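Have a look at the structure below, then the notes.
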Amino acid sequence: MQSVCILGSTGSIGESTLDVIAQHPDVFSVYALSAHSRIQKLAAQAARHGARVVIVPDAASARQFAEVWGGGPGAMPEIRVGAQALADTAADAGVTTVMAAIVGAAGLPSAMAAARAGKRVLLANKEALVAAGNLFMQAVRDNHAELLPIDSEHNAIFQCLPHGDRAAAPTQPARGVRRLLLTASGGPFRTTPIEQLALVTPEQACAHPNWSMGRKISVDSATMLNKGLEVIEAHWLFAMPADRIEVLIHPQSVVHSLVEYEDGSVLAQLGQPDMRTPIAYGLGFPDRINSGVGLLDLAAAGRLDFEAPDMGRFPCLHLSFGALRAGQGACITLNAANEVAVARFLDGRIAFNAIPATIEACLNALSAEHACLPASLEDILALDQEARIKAEAFCRQFAA
Ligand code: NAD
Ligand code: MG
């Protein structure tokens, strides 16, 4: 029996995780759920899945949770409060498995706590690896945690790698592997005339053609910064150098990624664009369990298309490769600047094409010494904060 803690349960990944878990009550129980907002939804989830603990951001949301629960069914879960409670619960002795599904670098300390406590970590929160790849992978190794990538591309690559001790953290590329090929849909603006990109709205940017996701990652998919973050994520997860990671546009999102071997073989994982498949893979590993996802009908799909990405259309991709080559400080800055710029775009304060401009300005403002920093979690969080302040200033400039 796995006892699961879902960090970010009210989000898109959190909900899909609960959906898979509910299909296997004999194998999984829900220990803890967390939310940063939408407390009513959290209470409904906790009641339905019998959570023993909930984590909320502050005292006001704790009161709201208790009020909403009222005379709800069964005993009220224990309410824990604040960011430290997220990390403490991820490391709780009652937990075997942690789904890290908070969005953004805010999810880093709790994901790290899960790795340090040697849990089975289902990692959806890619920003944690982008900001702290080295430290996070070292924590997985040192504490014999089991790391299962949930991001669909990385889950696909994981499935296509040679068998063996795959749920550990490698220190060199798997034997016989030449390159990793990450597929990308190209998002909603793959064919929009480039001069119109300055005018696109948050609603258009969030209307992803294939995937239903949270708003931040939807915008990241539209700029393709998401794929840039995924290149960095792949670098850390699979110990793969930047020049052996390739991005391939594949508008149908059926081939989730590929592994190219020395002998010319290319292995791919295919499936419907539904995150319940990688989630079920991570939960069930090494077994295969039902995810609730329907069968892939290739005859109905008819054709699968591939093309090289246009770096002029998607400058964020180029910036991400640059950050990966520059060092971890640059990756922290890339991610933090993007989080700020995306929030300002969603607020309607900056234009879509000011997102790459903000990231580039922040990277340019980074000293060479800082670009290849960091050592501790504290250093990482400090540089993240510094980059956010700079990014806010650039956004104000671009809004003017
Ligand atoms: P979402 O916005 O739908 O949900 C985010 C969750 O995190 C919510 O439960 C929210 O309450 C919580 N949260 C937000 N800010 C927080 C904070 N400061 N502190 C604590 N909790 C906070 O996001 P999502 O689409 O589910 O994505 C979650 C993560 O998974 C992201 O890192 C994303 O890149 C990754 N991911 C998502 C998908 C997808 O299909 N949605 C696919 C691959 C990877
Ligand atoms: Mg992905």
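Keep in mind that the numbers below use all heavy atoms, side chains included, and drop hydrogens, waters and symmetry copies. Keep in mind that what you see is a predicted model, and the values were worked out from it rather than measured. Counting starts at 1 for both ligands and their atoms, following the listed order.
With a 6.0 Å radius and a threshold of 12 heavy atoms from other residues, nucleotides or ligands, H24 has its NE2 atom above the threshold. When the shell of 6.0 Å around CZ of R178 is examined, it contains more than 12 heavy atoms from other residues, nucleotides or ligands.
Judged by distance alone, the side chains of E339 and N335 do bring a donor and an acceptor atom under 3.5 Å apart. With hydrogens and angles left out, the side-chain atoms of Q45 and S9 include a donor and acceptor closer than 3.5 Å. In the model, D58 has a side-chain atom that pairs as donor or acceptor with a side-chain atom of S61 under 3.5 Å.
Between F238 and H154, the ring-plane angle classifies as parallel under the 30° and 60° cut-offs.
Nearest protein heavy-atom neighbour of atom 27 (O) of ligand 1: I13 CG1, 4.2 Å. The protein heavy atom nearest to atom 13 (N) of ligand 1 is H36 CB, 3.5 Å. Of the protein's non-hydrogen atoms, the one nearest atom 9 (O) of ligand 1 is T10 OG1, 2.7 Å. For atom 35 (C) of ligand 1, the closest non-hydrogen atom on the protein side is A124 O, 3.1 Å. Closest protein heavy atom to atom 3 (O) of ligand 1: S12 N, 2.9 Å. Closest to atom 5 (C) of ligand 1, if we only count protein heavy atoms, is V103 CG1, 3.7 Å.
Near N125, the atoms of ligand 1 lying under 4.0 angstrom from a non-hydrogen atom of the residue are 32 (O). For ligand 1, the atoms sitting less than 4.0 Å from at least one non-hydrogen atom of I217 are 25 (O), 33 (C), 34 (O), 36 (N), 37 (C), 38 (C), 42 (C), 43 (C), 44 (C), numbered in the order shown with element in parentheses. Ligand 1 places these atoms under 4.0 Å from at least one heavy atom of A106: 17 (C), 18 (N).
Nearest-residue assignment for atom 25 (O) of ligand 1 (options S110, P278, S9, G214; heavy-atom criterion): G214. If you check each of S152, A101, S218 against atom 28 (C) of ligand 1, the one with the closest non-hydrogen atom is A101.
A salt bridge does not link R244 with E260: none of the charged nitrogens is closer than 4.0 Å to a carboxylate oxygen.
Here M213 has heavy atoms under 4.0 Å from ligand 1 in both its backbone and its side chain. Here E127 has side-chain heavy atoms under 4.0 Å from ligand 1, and that is the only part of it that gets that close.
In summary, the aromatic rings of F285 and F158 are positioned with their centroids under 6.0 Å apart.
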